[in-house]
Amino acid sequence: MLLGLQVENLHQFFVQSSDNWAQRFVQNHAPFLEHLPAPLGELAIMLACCVIFVAVVPLLPLGLVLAERKVSAHIQDRVGPMRVGPHGTLQTLADGVKLIFKEDHIPREGDKFLFVVSPYIIFACSFAVFAAIPFDRSILVSNLNIGIFYIMAISSVIVMGVIMAGWASNSKWSLLGAMRSAAQIVSYEIPLGLGILTVVMLVQSLNMQEIVNGQDGIANWLIFRTPFTFIAFFVFFISSIAEVNRTPFDLPEAESELVAGFHTEYSGMRFALFFIAEYANMFAVSAIAATLFLGGWHGIVPSGMLPEAGLLGFVLRAITLGGLLGVAIKTLCLVFVMMWLRWTLPRLRVDQLMNLCWKYFIPISFFNILGVGIWGLIFPQDSRLSIIISIAAIILGLILVFGVLGRSLSKSTTPPSSPDRQISATT
Amino acid sequence: MRHYLSNIYFGVYTALVGMRITFKQFLQPSVTHQYPYDRSFEQKKNVREIPKGYRGKLHNRIEDCIGCKKCEMICPVDCITIVTQKLPRGERLWDSMNVVHLKDRTEIVGNIEGDEKPAPNTTVTINTRDDRTITVSSDEIASIVERKPVIFYLDQFDIDMSLCMYCGLCTEVCPTECLIMFDNLSDGIEYSTFDRTDLIYEFAEPEMYDQPADESTEAEAAD
């Protein structure tokens with residue numbers, strides 16, 4: 001039967017391993033669904049969990065927008081929104097309600113179809129990323145065997161939505177913003193991908209669950225596994241800030257130059273969709289960074305030392321940065337660093353942006369790949385020795401760079417003046 | 001190569017310096033006052049006081065107003081509206097009170113016993129409206145505003161503060177000094193309202209006259 005075949009295919013497409021939380025959920029909590037044909041029951045659970053994700057993930061921007069405003073306010077010695085709800089906690093909700101009631105304006109000369117579609121593309125893509133991020137041993141929408149590749153692919157589609165929005169608006173600001181965004185995201189995709197490649201070389205798998213599985217305990221976190229992944233983490237994190245167009249790299253929506261960049265012409269709910277997508281993206285890339293490098297749902301303490309089940313185990317794992325709450329804490333810390341950076345650094349010029357990517361991040365990434373390859377040759381299996389050597393190398397390197405080398409460099413001259421400084425910024 | 005590496009080093013180092021500064025600021029308490037809700041900062045010493053020249057808003061002691069309409073005439077922006085009814089000839093409601101200006105720039109509103117300009121080196125007794133008796137030495141007195149007979153019913157005495165330009169001319173021409181610019185801070189310096197019509201201050205109190213004001217309509221017609 002055609003329908004049955006399709007369901008079967010979907011099942012095979014989504015469910016790759018038997019350690020799937022949907023299956024477990026069916027067995028433990030909804031045994032009546034087992035009377036259905038197995039794929040159908042799992043599909044029902046999967047759809048339900050998709051609904052949960054689609055319902056929960058928009059709540060993240062709700063909190064993150066408020067957090068952003070509060071963090072920025074406190075960095076500038078202000079207090080931020082205070083009037084709506086206790087300490088302004090309902091401010092974002094009020095803004096959202098306001099945006100819903102605003103006029104939905106479509107430029108007369110623009111491309112109506114693309115204009116209408118592009119927010120949904122960006123919104124859908126930024127949500128689809130969450131499908132492959134493991135939040136706990138069994139909390140994962142879809143256990144793809146090419147998980148990280150899928151995330152890279154789906155988050156690259158966002159740039160299509162941005163270009164469509166910029167083109168369809170028929171506004172010079174939008175178009176310039178979209179073009180900058182395309183150039184920037186395509187460029188920064190490379191160090192991002194190379195950063196992921198270092199991890200994949202170590203783990204030898206693209207599956208997100210398997211990437212996490214090896215990182216039991218802080219010494220096994222991939223960031224400390226080799227000195228090169230330590231560098232790769234920072235390259236990856238900074239590149240992902242550029243990927244989500246946040247402030248040191250917010251050229252696509254530079255307020256002082258391009259009004260609002262690619263979403264200049266958008267209003268009302270469509271604008272809100274862009275906004276939600278931006279903050280969902282921010283959370284997603286932080287969660288990916290936490291998963292790839294900071295142990296994912298594995299905490300500081302090896303999970304064998306903690307009680308498996310029950311509330312005690314949950315709390316203990318959360319305290320040691322493991323489990324669902326652990327992932328949330330790590331991710332929110334990275335999100336905080338993003339906000340912190342946003343209110344510290346001014347926006348780069350276009351040529352500086354491209355310099356940073358092509359002249360610094362990409363060579364460093366290739367250096368990392370080479371290093372990880374050689375490391376893999378020297379230590380084919382991760383041992384206690386290799387981890388100790390790696391952590392020692394990281395600490396020694398930091399001391400060397402910031403203590404000895406930095407002092408000699410700062411003694412030599414004032415900060416080196418860039419020879420590119422004369423280049424005028426062009427889009 | 002050296003240039004390249006030092007570029008990386010300075011990039012990281014300067015970013016970290018900036019991040020340290022912003023994190024310090026993040027931990028500092030914020031300086032914002034939640035002004036209308038939280039007035040605790042008013043007690044702090046470093047908050048600037050309201051300057052001496054502040055005039056405040058207009059206030060009329062309506063009992064002393066004789067309805068002479070001088071303020072209405074002198075007002076450059078015509079923000080005062082007065083409607084009066086004259087009493088029959090020879091009648092008066094009451095006298096306005098004296099205003100005693102003291103040399104320390106304060107003033108006492110009340111009737112001076114005897115209603116005479118006090119001789120030097122005597123004590124003067126002043127009966128205020130709330131039945132208090134104040135005695136001051138005549139040396140302290142700078143000037144005295146004389147009593148005037150009230151021969152008008154005041155049906156309306158409106159000042160539109162949204163038009164007022166705070167020149168204070170009306171207070172200078174007022175013969176009984178009942179129209180004053182009042183800088184009482186307990187009243188607040190913030191008298192903005194949500195409705196513009198709330199800025200029209202209505203001072204007239206027709207109910208303070210014993211007899212209904214309508215009886216003397218003929219008198220005004222004759223006037």
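Here the structure is a predicted model, which is why all the values come from computation and not from measurement. Below, chain A is the first sequence line, B the second, and so on; all start at residue 1.
- Interface summary for chain B: among A:Leu341, A:Ile364, A:Thr344, the most heavy-atom pairs under 4.5 angstrom belong to A:Thr344.
- With a 4.5 Å cut-off on non-hydrogen atoms, B:Ile21 does not touch chain A at all.
- For A:Trp340 (side chain) and B:Met19 (main-chain N/O), a donor-acceptor pair under 3.5 Å exists by modelled atom type.
- In this structure, B:Tyr166 places its OH atom where more than 12 heavy-atom neighbours from other residues, nucleotides or ligands lie under 6.0 Å away.
- When each of A:Val71, A:Leu345, A:Val337 is scored by its heavy-atom pairs under 4.5 Å with chain B, the top score falls to A:Val71.
- Atom CZ of A:Phe367 sits in a sparse spot, with 12 or fewer heavy atoms from other residues, nucleotides or ligands closer than 6.0 Å.
- The environment of B:Lys103 atom NZ is dense: over 12 non-hydrogen atoms of other residues, nucleotides or ligands sit within 6.0 angstrom.
- Expressed to the nearest 0.5 Å, how far CD1 of B:Ile8 lies from CG of A:Leu356 amounts to 9.5 Å.
- To the nearest 0.5 Å, the span separating OG1 on B:Thr32 from NE2 on A:His74 amounts to 8.5 Å.
- Note on ring orientation: taking the six-membered ring where Trp is involved, the planes of A:Phe336 and B:Phe23 are perpendicular (angle over 60°, cut-offs 30° and 60°).
- Crowding of A:Tyr360 atom OH: a count of heavy atoms from other residues, nucleotides or ligands under 6.0 Å exceeding 12.
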